[in-house]
Peer 1: 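First the structure, then my questions, so here it is.
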Amino acid sequence: MKVDPNIEAAAKAQSDAVQNARTSRPELTKTEGTTTDLGSSDTVQVSPKFAEVQQLTSKLQQVPEIRSDRVSALKAKIQQGTYNPGTADVAGALLNDPLNRTNKS
């Protein structure tokens with residue numbers, strides 16, 4: 001499984017004003033809510049969806065790119081000589097492979 005780097009970049013994107021406020025105002029605190037009071041009349045509103053995107057991104061980064069349990073099972077079948085995929089299955093997998101971007105319209 002591949003992670004789209006554009007999703008992570010969008011989740012980390014912040015305006016210069018927010019970044020500058022964070023570095024110049026040490027009393028800023030990061031909380032998971034909708035509004036954070038910064039000490040005076042300044043407030044920050046964070047969308048609940050943003051927190052959800054951050055949480056899902058974190059979970060996605062924990063998923064291994066290679067499913068070792070499936071690889072082990074397939075290796076065992078190959079070594080035992082019991083792995084015999086059908087030609088239609090192989091052709092279908094090649095055509096449906098998201099990494100095979102040639103000849104798609």
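Sequence positions, counted from 1, serve as the residue numbers for this chain.
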Peer 1: Quick one: pull up CG in L94 and CG in D89 and give me the separation to the nearest 0.5 Å.
Peer 2: 11.0 Å
Peer 1: So, using side-chain contact (heavy atoms from CB on, under 4.5 Å) as the criterion, who are the partners of K49 when residues are at least two apart?
Peer 2: S47, E52
Peer 1: Between N96 and G92 (side chain of the first, backbone of the second, donor and acceptor by atom type, cut-off under 3.5 Å), is there such a pair?
Peer 2: yes
Peer 1: Under 3.5 Å, which donor-acceptor pairs link side chains of residues 71-82 to any protein atom two or more places apart or in another chain?
Peer 2:
{"from": "S72", "atom 1": "OG", "to": "S68", "atom 2": "O", "distance (Å)": "2.9"}
{"from": "T82", "atom 1": "OG1", "to": "K77", "atom 2": "O", "distance (Å)": "3.3"}

Peer 1: Indicate, with yes or no, if V44 and F50 share a hydrophobic cluster defined by side-chain heavy-atom contacts under 4.5 Å among Ile, Leu, Val, Met, Phe, Trp and Tyr.
Peer 2: yes
